**Q** 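Got a structure for you, written out below as structure tokens; questions coming shortly.
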Amino acid sequence: MELTRPQFGTRFLTDPRQVFQHNAWDNVEWTEEQETAAKKKVSENSQPLPTEKQEEYDSRANEYWNDFYTIHENRFFKDRHWLFTEFPELAPRCSLNHESHPGVCGTDDVQQNGLDEEQCSEAASLPHTDGDFPGSSATYRILEVGCGVGNTVFPILKTNNDPGLFVYCCDFSSTAVELVKTNPEYDPGRCFAFVHDLSDVEANYPIPSGSLDVIVLIFVLSALHPNKMQASISRLASLLKPGGVILLRDYGRYDMAQLRFKKGRCLSENFYVRGDGTRVYFFTQDELHELFVGAGLEKVQNLVDRRLQVNRGKQLTMYRVWIQCKYRRALVQPS
């Protein structure tokens, strides 16, 4: 598959006078002054809301997300075509269980993002889970958690024509799931959308444990209460096959969105509520590493993407901080 977009970390701003030549610059180094100013800004706005207000936002989270998707439907979002550049595991050539693609699992010469050739063949030889559940006859299964209106799911279905592929997608919001199901590109023969609360670890997934090759979390984990993150990740990890991976991209500490929060929006340290009632947490690499390792997974990738986005029309610069992770379930589980 042709990569339509270079992997992040390849466009560097070496001459500040050229800042408006492109829409974005990668891996932008922050000055000490910038870092200090960001910490000061966060500290100024970190007085948490009263406990009863925090509990209200927690108990009404479903309502707020339904309202969000009712208002925006699919006008607010763009399809994530960068997915296959950053996460080659989602492209057809990375099907671990297909001997027709030996040794090509989205490995990156620099960052070693995928599995190596030996691990690919080992994973391909593992028995597949079968039974009476959606996609039970599939040979490569992907689950996207927090699918929204399908801006990740539909690019995967369009790009990955692997006949053994089956994609599951779920969201907290029943409104969002309904928008996915009514999309003309939704194919029940290749996809299954369902309502699910990631933070409810007692709720069942329609997929047996140990049956997924890939789980995708794109700006989703940050919407959970920090106290519920570890149990949620551990529950997801149990759904992975040996060798299966969780792919995550989410908000990093001191991202522009965090610095824009005014006083009265902080729920707890680095955890905020937006004007529409939805919540967001801003991570460090170490925090995410601890969550995944705590779920028994091993690190493949854990990167910070410090990006300078540019509005050339308004001559504005915006500093974004995102974290991208890949964590794998070991091929051989410890006894």
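These numbers were taken from a predicted model, which means no experiment stands behind them.
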**Q** If two hydrophobic side chains count as joined below 4.5 Å and joins carry through other members, does Val195 share a cluster with Leu179?
**A**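 Shared cluster, no.
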**Q** Supply the atom-to-atom distance Lys228 NZ to Asp200 CG, rounded to the nearest 0.5 angstrom.
**A**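 Those atoms lie 8.5 Å apart.
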**Q** Same cluster or not: are Tyr205 and Leu297 linked, directly or through other Ile, Leu, Val, Met, Phe, Trp or Tyr residues, by side-chain heavy atoms under 4.5 angstrom apart?
**A**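 Yes.
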**Q** My understanding is that only residues two or more places apart in sequence, or in another chain, count here; which of them pass salt bridge (Lys or Arg N to Asp or Glu O under 4.0 Å) with Arg265?
**A**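 Expected list: none.
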**Q** Kindly indicate whether the side chain of Ile233, heavy atoms from C-beta on, has any atom under 4.5 Å from the side chain of Tyr327.
**A**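 A side-chain contact is absent here, since even the closest heavy-atom pair is not under 4.5 Å.
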**Q** Taking atom CG of Leu303 and atom NZ of Lys326, what is their separation to the nearest 0.5 Å?
**A**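 Here the interatomic distance stands at 9.0 Å.
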**Q** Compare all side-chain heavy atoms of Val180 with those of Tyr186 and state whether any distance is below 4.5 angstrom.
**A**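 Answer yes - side chains close enough.
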**Q** Check whether more than 12 heavy atoms from other residues, nucleotides or ligands sit under 6.0 Å from atom CD of Glu202, and answer yes or no.
**A**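 No, not enclosed.
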**Q** Checking Thr284 side chain against Glu287 main chain: does a donor-acceptor pair fall under 3.5 Å?
**A**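 Checking the backbone N and O of Glu287 against the side chain of Thr284, a donor-acceptor pair under 3.5 Å is found.
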**Q** So, for Asp171 and Gly148, which heavy atoms are closest and what is the spacing to 0.1 Å?
**A**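 Residues Asp171 and Gly148, closest heavy atoms: OD2-N, 2.8 Å.
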**Q** Side chain of Tyr168, backbone of Pro134: donor and acceptor closer than 3.5 Å?
**A**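 Yes, the answer is positive, given that a donor and an acceptor are paired below the 3.5 Å cut-off.
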**Q** For a quick test of reading the model, state the closest non-hydrogen atom pair linking Thr152 to Pro155 and the distance between them.
**A**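 Minimum heavy-atom contact is O-CD, 3.2 Å.
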**Q** Examine distances only and state if a side-chain atom of Ser234 and a backbone atom of Ala231 form a donor-acceptor pair shorter than 3.5 Å.
**A**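 Not at all, since once roles are kept as given, no pair shorter than 3.5 Å links the two residues.
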**Q** Within a strict 4.5 Å, meaning less than it, do heavy atoms of the Asp305 and Gln324 side chains meet?
**A**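 No - every pair of side-chain heavy atoms lies 4.5 Å or more apart.
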**Q** Between the side chains of Arg320 and Asp255, is the shortest nitrogen-to-carboxylate-oxygen separation below 4.0 Å, so that they form an ion pair?
**A**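 Result for this pair is yes, salt bridge flagged.
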**Q** What do the steps show when you test Asp276 against Thr278 for side-chain hydrogen bond (donor to acceptor under 3.5 Å, both in side chains), and what is the final call?
**A** CA-CA 6 Å; Asp276 60 9; Thr278 62; 2.7 Å; yes
**Q** Out of the candidates Glu89, Gln301, Glu86, only one should pair with Leu247 under the side-chain contact (heavy atoms from CB on, under 4.5 Å) rule; please name it.
**A**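 The passing option is Glu89.
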**Q** Donor-acceptor check, side chain of Glu269 to backbone of Ser46, threshold 3.5 angstrom: yes or no?
**A**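 Side chain of Glu269 to backbone of Ser46: no pair is present.
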**Q** If hydrophobic clusters are built by linking Ile, Leu, Val, Met, Phe, Trp and Tyr wherever their side-chain heavy atoms come under 4.5 Å apart, do Leu217 and Val321 end up in the same one?
**A**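 Looking at the clustering, Val321 is in the same group as Leu217.
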**Q** Are the side chain of Ser136 and the backbone of Asp132 linked by a donor-acceptor contact shorter than 3.5 Å?
**A**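 No.
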**Q** Are Tyr251 and Tyr281 an aromatic pair, judged by ring center distance below 6.0 Å?
**A**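 No, ring centres 6.0 Å or more apart.
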**Q** Would you check if the distance from the ring center of Phe133 to the ring center of Phe192 is below 6.0 Å?
**A**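 No; Phe192 has its ring centre 6.0 Å or more from that of Phe133.
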**Q** Return yes when atom CZ of Arg274 has more than 12 non-hydrogen atoms of other residues, nucleotides or ligands closer than 6.0 Å, and no otherwise.
**A**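 Yes, because the 6.0 Å sphere around CZ of Arg274 holds more than 12 heavy atoms from other groups.
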**Q** Can you find a heavy atom in the side chain of Asn183 that is under 4.5 Å from one in the side chain of Val153?
**A**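 Counting from C-beta outward, Asn183 and Val153 never come under 4.5 Å.
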**Q** For the side chain of Gln230 and the backbone of Leu291, is there at least one donor-acceptor N/O pair under 3.5 Å apart?
**A**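 Present.
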**Q** Please check if the side chain of Ser199 supplies one atom and the backbone of Leu224 the other of a donor-acceptor pair under 3.5 Å.
**A**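 Here the side-chain-to-backbone pair does not exist.
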**Q** Is there a path of hydrophobic side-chain contacts, each under 4.5 Å between heavy atoms, that joins Leu236 and Val201?
**A**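 No: no chain of side-chain contacts under 4.5 Å links Leu236 to Val201.
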**Q** Which heavy atom in Tyr254 sits nearest to a heavy atom in Lys39, and how many Å separate them?
**A**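 Answer, listing the atom of Tyr254 first, then Lys39: OH-CG, 3.1 Å.
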**Q** Please determine whether residues Met229 and Leu267 belong to a single hydrophobic cluster, defined as Ile, Leu, Val, Met, Phe, Trp and Tyr linked transitively by side-chain heavy-atom distances below 4.5 Å.
**A**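 Met229 clusters together with Leu267.
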**Q** Any side-chain to backbone donor/acceptor pair from Asp213 onto Arg141? Under 3.5 Å, distance only.
**A**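 Answer holds: yes.
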**Q** Between Ser232 and Arg235, is the side-chain hydrogen bond (donor to acceptor under 3.5 Å, both in side chains) condition met? List the steps.
**A** CA-CA 5 Å; Ser232 301; Arg235 179 72 181 93; over 6 Å; no
**Q** If you draw a 6.0 Å radius around CD in Glu63, do more than 12 non-hydrogen atoms from other residues or ligands fall strictly inside?
**A**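 Counting other residues, nucleotides and ligands, CD of Glu63 exceeds 12 neighbours.
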**Q** Under a 4.0 Å threshold between the charged nitrogen and the carboxylate oxygen, would Glu56 count as salt-bridged to Lys53?
**A**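 Salt bridge flag = yes for Glu56 with Lys53.
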**Q** Which heavy-atom pair separates Lys41 from Leu259 by the least distance, and what is that distance?
**A**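 For Lys41 and Leu259, the tightest heavy-atom pair comes out as CE-O, 2.8 Å.
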